[in-house]
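Below, chain A is the first sequence line, B the second, and so on; all start at residue 1.
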Number of protein chains: 2
Amino acid sequence: MDHRLLRTFVTTAQSPTFGAAAARLRITQPALTKQVQQLERLAGTVLFVRGRRGARLTAAGRTLLAEATELDRRLREFDHRLRRLAAGEEGHLALGFGLSSIELAPSLVARFRDRCPEITVALDDLPSSVQVERLRTGRLDGAFVRMPVPPDLEAIPLARDRLAIASARGVEPPGTGVLAAWLEDHPLVRLRPARGPGLTAQVDGMLEELGCRPEIVQEADDLQTVLALTAAHLGVAVVPASAERIAPPGVQLVAIDAPRAEWEVGFAWNPAATSGALRRFLPLLDRGGA
Amino acid sequence: MDHRLLRTFVTTAQSPTFGAAAARLRITQPALTKQVQQLERLAGTVLFVRGRRGARLTAAGRTLLAEATELDRRLREFDHRLRRLAAGEEGHLALGFGLSSIELAPSLVARFRDRCPEITVALDDLPSSVQVERLRTGRLDGAFVRMPVPPDLEAIPLARDRLAIASARGVEPPGTGVLAAWLEDHPLVRLRPARGPGLTAQVDGMLEELGCRPEIVQEADDLQTVLALTAAHLGVAVVPASAERIAPPGVQLVAIDAPRAEWEVGFAWNPAATSGALRRFLPLLDRGGA
DNA sequence: GTGATCCATTCCGCAAGGTTATCGCAGGCC
DNA sequence: GGCCTGCGATAACCTTGCGGAATGGATCAC
């Protein structure tokens, strides 16, 4: 059962003559006659009685009309929704973000929600490895990730971030030159590696670069907790400088000026699966992230 | 939006690979690929992420799937209903009957309901002129009518009926020879002409043939009332002999043996508008009406 | 490397649908 | 009665586009 036939049936039922129905459907009358005949062949029943003054539904036709009208309406709505989806006037945007974009993601998403209120946005906090996998399988439309990204994904850089020493106020970290020695004396609170593989790797890499292996006194499940423990003098921590935004009052962050302490944060997406909603989102980055 | 594309979308979403979906749809994989591409062009969005191990829905595709599935299901149901309608396994039969078929119609319809319980039957009591008009405009599938019928309708004869004198028991009508004179002395109760134009014409014709113009003492709106008034000795009546079936105990019917007292009752339908349900009904007449 | 698997592309044949032109039929109107 | 008009059906033709077969290309397993 074709939408075309359905539409023809409904329109013809509402029109006084075949000719009028054909005009409304923007086809010629013979084409409409053929469609009606095809319908009647399908139903095995005459649906219209052709008279001198046009055509009227038979009893059999009348029993089908209500259902056909409803179906036609729903199909039109579906079409309409498809068009809006294509135009990006409606839709859903599934985004991911992680520790590396604590600062960026919420503000950008807020701006997007403001600009495109018809598009619903889901923002999931996920480890970057999961984000990449979901971008590949299409479960995410885009994600804020640590750069660079695998070559099959596309990405634009948004901001640089760097590691910082988080310590309770009064516990002053030294300059970079003596940081390694200082860290040997100050045990670390750190994020559980499984909760932030990317960040953990970044920290480990930098520490290795500095040539120090500080003691780990505690692991926590999220940055907020790490910072809270730091404020409680349990130890110091190495966190993204952008975590300033979520740091409790008793904690100070001092950026580290070391070779591998810096990285780039960007927005990544799967060029093989860009949605209309995503196409509405991307322009925001050029203006907002530069 | 074509049902074909809808079906393809839903099936592909439920299949691990394009090849599997194509097999389920009984088409080849290139054909399916083209349909999916067409869909994605319509939606302006990639709907499936093609990977090494098949294709999976994107987030955008997932938002469409529920609605598409529902629409697909309803379209299938509509198809199914059309097929059942065509096969006459389901449907609706709008029949008309009148005074001339008081006896025939109910029993035949009861037999049909018994045999084809899936087909709903509407039985309307209508003047024969209205019946013919509704047969022409397709509002009735068939009707029990006084024969003959206009040439654009088809009909098969079912039974003969004849006029009868209805009188209260004890009031014995004479033989046909002296009926005219007897009637001059016995005022008539009759059906209001508008309620049974055919029957009235038949009665008037016969009376004219007999050369008598009896007095009308009362008109009533239906045969039951006519017979009841007859039982109450208000007068006698000329009614179809088949009205025996609905006559109250105090009334006797004596058939009239006069030239224009007899007519044929048949079943008529519009050959230009025969429905599947009607095709199931017609065979009953050959066996049941002969 | 080789084969297997899966999707994309190309090309071809054919059926389906649309248009134009014409017919048949039934009223309505001089 | 003859003619015109309006409506649906039919015929002939043409275009479109869908489906099938063959092939390509990428990726993964062995």
Side-chain angles (χ1 to χ4, degrees), chain A residues 1-9 11-42 45-58 61 132-133 136-138 150-153 270-274, chain B residues 1-9 11-42 45-58 61 132-133 136-138 150-153 270-274:
Chain A
M1 192 57 193
D2 202 339
H3 190 188
R4 184 180 50 97
L5 286 184
L6 221 46
R7 226 182 105 91
T8 295
F9 177 53
T11 304
T12 306
Q14 295 168 343
S15 303
T17 69
F18 278 18
R24 283 178 58 186
L25 291 167
R26 316 288 183 129
I27 59 177
T28 57
Q29 171 263 317
L32 184 125
T33 290
K34 278 196 278 191
Q35 286 191 31
V36 171
Q37 287 171 342
Q38 185 180 344
L39 258 167
E40 292 179 330
R41 227 176 32 246
L42 274 176
T45 296
V46 177
L47 297 175
F48 294 93
V49 180
R50 287 77 157 166
R52 187 67 200 83
R53 288 242 160 274
R56 302 209 68 84
L57 271 182
T58 63
V132 169
E133 182 264 334
R136 286 220 176 90
T137 61
D152 56 339
L153 297 182
N270 187 342
T274 55
Chain B
M1 191 58 193
D2 200 340
H3 190 187
R4 186 179 49 97
L5 287 184
L6 221 46
R7 228 181 104 92
T8 295
F9 176 53
T11 304
T12 306
Q14 295 168 343
S15 303
T17 68
F18 278 17
R24 282 178 58 187
L25 292 167
R26 316 287 184 129
I27 58 177
T28 57
Q29 170 263 316
L32 184 124
T33 290
K34 279 190 278 192
Q35 287 191 30
V36 171
Q37 286 171 343
Q38 187 180 343
L39 259 166
E40 292 178 330
R41 226 175 32 246
L42 274 176
T45 297
V46 177
L47 298 175
F48 294 94
V49 179
R50 287 78 158 166
R52 183 67 198 81
R53 288 243 160 275
R56 301 209 69 83
L57 272 181
T58 62
V132 169
E133 182 263 333
R136 285 219 176 91
T137 60
D152 56 339
L153 297 183
N270 188 340
T274 55

Nucleotide of D:dA9, D:dC18, D:dG6 approaching A:Q29 most closely (side-chain heavy atoms): D:dA9
With a sphere of 6.0 Å drawn around CZ of A:R56, does it hold more than 12 non-hydrogen atoms of other residues, nucleotides or ligands? no
What about A:K34: does its side chain form a donor-acceptor pair under 3.5 Å with the base of D:dG8? no
Under the 3.5 angstrom rule, does the side chain of A:T12 hit a backbone N or O of A:A21 as a donor-acceptor pair? no
For a quick check of understanding: with a heavy-atom distance under 4.0 Å over all strands, which category does B:G51 fall into, base, sugar-phosphate or nothing? nothing
Below the 4.0 Å mark, does D:dC28 have OP1 or OP2 next to a side-chain nitrogen or oxygen of B:R53? no
Looking only at heavy atoms, what is the nearest atom pair of B:A55 and B:F18, with distance? CB-CE1, 3.2 Å
In whole Å, what is the span from the CZ atom of A:F18 to the P atom of D:dC7? 12 Å
Over how many whole Å does the gap from B:L32 atom CG to D:dC18 atom C1' extend? 13 Å
What is the distance, rounded to the nearest whole Å, between atom CZ of A:F48 and atom P of D:dC7? 16 Å
According to salt bridge (charged side-chain N to carboxylate O under 4.0 Å, His left out), does anything in residues 30-42 of chain B pair up with another residue at least two apart or in another chain? List the pairs. B:E40-B:R50
By side-chain hydrogen bond (donor to acceptor under 3.5 Å, both in side chains) - contacts of A:T8 (at least two apart): A:Q35
Consider only side-chain N and O atoms of B:Q29 and B:T33, and report whether a donor and an acceptor are under 3.5 Å apart. yes
Please classify the nucleic acid contact of A:T28 as base, sugar-phosphate, or nothing, using heavy-atom distances under 4.0 Å. base
Residue mapping more 5' on DNA chain D - nearest nucleotide basis, B:Q35 or B:P30: B:Q35
Extract, from 5' to 3' on DNA chain C, the first and final nucleotides lying under 4.0 angstrom from some heavy atom of chain A. C:dG17 to C:dG27
Between atom CZ in B:R7 and atom P in D:dC18, what is the gap in whole Å? 17 Å
Rounded to the nearest 0.5 Å, what separates atom OG in A:S15 from atom CG in A:L25? 7.0 Å
Whole-Å distance, B:D2 CG to D:dG17 P, equals 13 Å
Quick one: A:R4 CZ to D:dC18 P, roughly how many Å, whole number? 12 Å
More 5' along DNA chain D: A:Q37 or A:R52, using each one's nearest nucleotide? A:R52
